[in-house]
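For clarity, every value in this text was computed on a predicted model and none was experimentally measured. Per chain, numbering begins at 1; letters A, B, ... match sequence-line order.
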Amino acid sequence: MSNSLPSRSENFAEWYNQLVLKAELADYAPVRGCMVVRPYGWALWENIKEALDKRFKATGHVNAAFPLLIPMSFFEKEKEHVEGFSPELAVVTHGGGEKLAEPLAVRPTSETIIGYMYAKWIKSWRDLPVLINQWGNVVRWELRTKLFLRTLEFYWQEGHTAHATAEEAEEETRRMLDVYTDFAINEAAVPVIPGVKTESEKFAGAVRSYTIEAMMGDTKALQAGTSHFLGQNFAKAFNIQYLDKNNQLQYAWTTSWGLSTRFIGAIIMVHGDDKGLVMPPRLAPIQVVIVPIYKTEAERAEVLEAADRIRRELAERFRVKLDDRDNLTPGYKFNDWELRGVPVRVEIGPRDLAKGTVALARRDKPGREGKTFVPQEGLVDTIAQLLDEIHNSLYERALAFRNAHIHEPKDYEEFKEVVQNGWAYTYWCGDPECEANIKAETKATTRCIPLEGDSAEGHKCIYCGRPAKYKLYFAKAY
RNA sequence: CGGGGCGUAGCGCAGUUGGAAGCGCACCGCGUUUGGGACGCGGGGGUCGGCGGUUCAAGUCCGCCCGCCCCGACCA
């Protein structure tokens, strides 16, 4: 075996790094902490974008583009926001060879510049709500980086909305959390737990942060998407005011929500195996790959003709690739496409031509185990069904894995043990000090208080023993 | 910013007491191969991370600098 990966169980971190590079999703850029998203990785991101954008439009949002550069002074306007973000700002101090009068921050997130613009645009209750999303890139000067999961520059979408009432804004925040949950489950086959962040884990400047939390293949948690209720914090900082129906001047209520290329990391770490990537069928850049098999020149011509006919038929419903590279053996190609995670592989050779069949191999069951011979007749429907089946089986497999690694420890001793290789679903008094102590002692942080969780009534904090306010998840996280 | 590791061909590495820069993979050409990672023959490719020093001679010894990776504190 050339091209072999480290095994997932032996060295998860190295497995991840090499997989990203070998599957050609991304590569290291010349600047520390920056990456190049390669065409295969970008194709995955484009499919993620499409699936999300469709949902944003369906819930009444429109897209716009705000500038990359933001005056430094904007960050001073919201107290918590500046504390949260100033340590990781990249700042432009010179332009056109001259020192700038006011330095410009490269956006780490756009609440400030969008707040400024909203103040200009919003005058009346009739202007509300404003429901804008933008697709773009942001820069955060992170100390420790990892491909897709944490890079200095990353791509994302950030939605920013303004509303007349707190209720409406809160409703929007929850609606977008639902959109992310639906996307994760039904497009990426990634099970997620929607919930609320604790005070210490919430977004800098938010009143309340919601999150979808996913468990990776090493049992660590990943915040896969967030939705924030910003209250009137940014409205007051940027003077987003409108006249209500009674001619009273009111501050607006705002929200923001985002999902980034980090989600690609989630897809890799949730579904991938020792043979490589496993792309969720609905987002896969290539859903079906066709590998032709032949010996002689005559066979080659016949097989390629049939393979191309099948490619054209499949292309009407799926993203298809015919691998007609002539210098590689079929065995090499099988491994190559398994590394790249293509959900379904069609093999066609002389024996199939004679029998009117093809070999179908499914990526979620690698090797010969997932291979069957099916008639060419009705292949489009067969594959449509198989892709759905793969989606479901990936989801179920990930869900079963997650459930098997969530524990309800009976005491703190057991808690310390379970968070070494899993999540703890347990009770907490709500005191940030307990949360901080747990983090210091175990490296496990609070992930979220689940929306559909158990009551904490009558239970005690796992750490201090005082009456519990919440039942929530603790885990080591990326 | 602390701790650890590493910079030699695109990638992975070897290079002994200082004495002619190598190996595997990848790449290019030709031929034979092709249902689970083919083989033969022939090729191309190097500021040995950088600067300075010691020496007849430095990939190798000395000094300074730079960069990358992993682990921690911070974070989507």
> Of all the choices, B:G72, B:C74, B:C70, which nucleotide is nearest to the side chain of A:E142 once you look at every atom?
Replying inline: B:C74

> Picking from B:G36, B:C69, B:G35, which would you name as closest to the side chain of A:I293?
Replying inline: B:G35

> Which residue lies toward the 5' end of RNA chain B, A:L353 or A:T226, if each is placed at its nearest nucleotide?
Replying inline: A:L353

> Taking the P atom of each, how far is B:U8 from B:G44, in whole Å?
Replying inline: 23 Å

> A:R140 near the nucleic acid: base, sugar-phosphate alone, or nothing, with a heavy-atom cut-off under 4.0 Å?
Replying inline: base

> For the side chain of A:Y28, counting heavy atoms from C-beta on, which of B:G72, B:C69, B:G35 is nearest?
Replying inline: B:C69

>> What's A:P350 touching, base or sugar-phosphate or nothing? Going by heavy atoms closer than 4.0 Å.
In response: base

> Counting any heavy atom closer than 4.0 Å, what does A:E14 reach on the DNA or RNA strands: base, sugar-phosphate only, or nothing?
Replying inline: nothing

>> Under 4.0 Å from OP1 or OP2 of B:C70: is there any side-chain N or O of A:N17 that close?
In response: yes

> To the nearest Å, how far apart are A:D27 CG and B:G10 C1'?
Replying inline: 11 Å

>> Please classify the nucleic acid contact of A:A224 as base, sugar-phosphate, or nothing, using heavy-atom distances under 4.0 Å.
In response: nothing

> In the strands shown, is B:C56 matched to any nucleotide by a Watson-Crick or G-U wobble pair with both distances under 3.5 Å, and which?
Replying inline: B:G19

> Can you list the residues that meet the side-chain contact (heavy atoms from CB on, under 4.5 Å) rule with A:Q420, with sequence neighbours excluded?
Replying inline: A:K476

> When the P atoms of B:G50 and B:A58 are considered, how many whole Å apart are they?
Replying inline: 15 Å

> A:F85 vs A:H81 aromatic rings, parallel, tilted or perpendicular, using cut-offs 30° and 60°?
Replying inline: tilted

> Mind checking the P distance from B:C11 to B:U47? Whole angstroms is fine.
Replying inline: 12 Å

> Taking atom C1' in both B:C68 and B:U60, what distance in whole Å separates the two?
Replying inline: 22 Å

>> I'd like the P distance from B:G46 over to B:G10, given in whole Å.
In response: 8 Å

> Any side-chain donor-acceptor pair under 3.5 Å between A:Y294 and A:D326?
Replying inline: yes

> Can you name the nearest heavy-atom pair linking A:Y16 to A:G265, along with the distance?
Replying inline: OH-CA, 3.5 Å

> Which residue lies toward the 5' end of RNA chain B, A:L152 or A:K146, if each is placed at its nearest nucleotide?
Replying inline: A:K146

>> Check this one for me: any side-chain N or O of A:T329 less than 4.0 Å away from OP1 or OP2 of B:G37?
In response: no

> Starting at NZ of A:K365 and ending at C1' of B:G36, how long is that distance when rounded to a whole Å?
Replying inline: 19 Å

>> Using a 4.0 Å heavy-atom cut-off, does A:R325 contact any base of the nucleic acid, only the sugar-phosphate backbone, or nothing at all?
In response: nothing

> What does B:G63 pair with, Watson-Crick or G-U, if both distances are under 3.5 Å?
Replying inline: B:C51

> Can you tell which of B:C69, B:G36, B:A73 lies closest to the side chain of A:L143?
Replying inline: B:A73

>> Quiz question: by atom type and distance under 3.5 Å, do the side chains of A:S227 and A:T173 form a donor-acceptor pair?
In response: no

>> Just to be sure I understand the rule, does A:L259 reach a base, reach only the sugar-phosphate, or reach nothing, if contact means heavy atoms closer than 4.0 Å?
In response: nothing

> Between A:Y473 and A:Y425, what is the ring plane arrangement, given parallel below 30°, perpendicular above 60°, and tilted in between?
Replying inline: parallel

> Base, sugar-phosphate, or nothing for A:Y155, non-hydrogen atoms under 4.0 angstrom?
Replying inline: nothing

>> Return the pairing partner of B:G46 with a 3.5 Å limit on both distances, Watson-Crick or G-U wobble; otherwise return none.
In response: none

> If you measure only the distance, is there a donor-acceptor pair under 3.5 Å linking the side chains of A:Y118 and A:E111?
Replying inline: no

>> Using whole Å, what does the distance between atom P of nucleotide B:G36 and atom CG of A:D323 come to?
In response: 15 Å

> Out of B:A73, B:A38, B:G35, which has the shortest distance to the side chain of A:K443?
Replying inline: B:A73

>> Partner lookup for B:G10, please. Criteria are Watson-Crick or G-U wobble with both distances under 3.5 angstrom; report none if nothing qualifies.
In response: B:C25

> With both distances under 3.5 angstrom, what nucleotide forms a Watson-Crick or G-U wobble pair with B:U33?
Replying inline: none

> To the nearest Å, how far apart are A:E302 CD and B:G35 P?
Replying inline: 18 Å

> How close or far is atom P of B:C69 from atom CG of A:L147, stated in whole angstroms?
Replying inline: 9 Å

>> With a 4.0 Å limit, can you tell me whether A:R144 has a side-chain N or O closer than that to the phosphate oxygens OP1/OP2 of B:C74?
In response: no

>> What is the distance, to the nearest angstrom, from the NZ atom on A:K275 to the P atom on B:G36?
In response: 12 Å

> Does the side chain of A:K439 get closer than 4.0 angstrom to OP1 or OP2 of B:C74 through an N or O atom?
Replying inline: yes

> Which part of the nucleic acid does A:L222 contact within heavy-atom distance under 4.0 Å: base, sugar-phosphate only, or nothing?
Replying inline: nothing

>> Check the orientation of A:F415 and A:Y412. Use parallel for under 30°, tilted for 30 to 60°, and perpendicular for over 60°.
In response: parallel

> What distance, rounded to whole Å, do you find between the two P atoms, one in B:G24 and one in B:G42?
Replying inline: 13 Å

>> Suppose you measure atom P in B:G3 against the same atom in B:G19; what distance do you get, rounded to whole Å?
In response: 34 Å

>> Nearest whole Å is fine: how far is B:G36 P from A:E347 CD?
In response: 8 Å

> Rounding to a whole Å, what distance do you find between A:K22:NZ and B:C25:P?
Replying inline: 15 Å

> Among B:G36, B:U34, B:G72, which nucleotide sits nearest the side chain of A:F334?
Replying inline: B:G36

>> What contact category does A:T151 fall into here, base, sugar-phosphate, or nothing, at under 4.0 angstrom with non-hydrogen atoms?
In response: base

> For B:C1, what is the paired nucleotide under Watson-Crick or G-U wobble rules, both distances under 3.5 Å?
Replying inline: B:G72

> What are the two closest heavy atoms between A:T446 and A:E201, and how far apart are they?
Replying inline: OG1-CG, 3.4 Å

> Is a donor-acceptor pair below 3.5 Å formed from side chain A:D352 to base B:G35, judging by atom type as modelled?
Replying inline: yes

> In whole Å, what separates the P atom of B:C48 from that of B:G59?
Replying inline: 7 Å

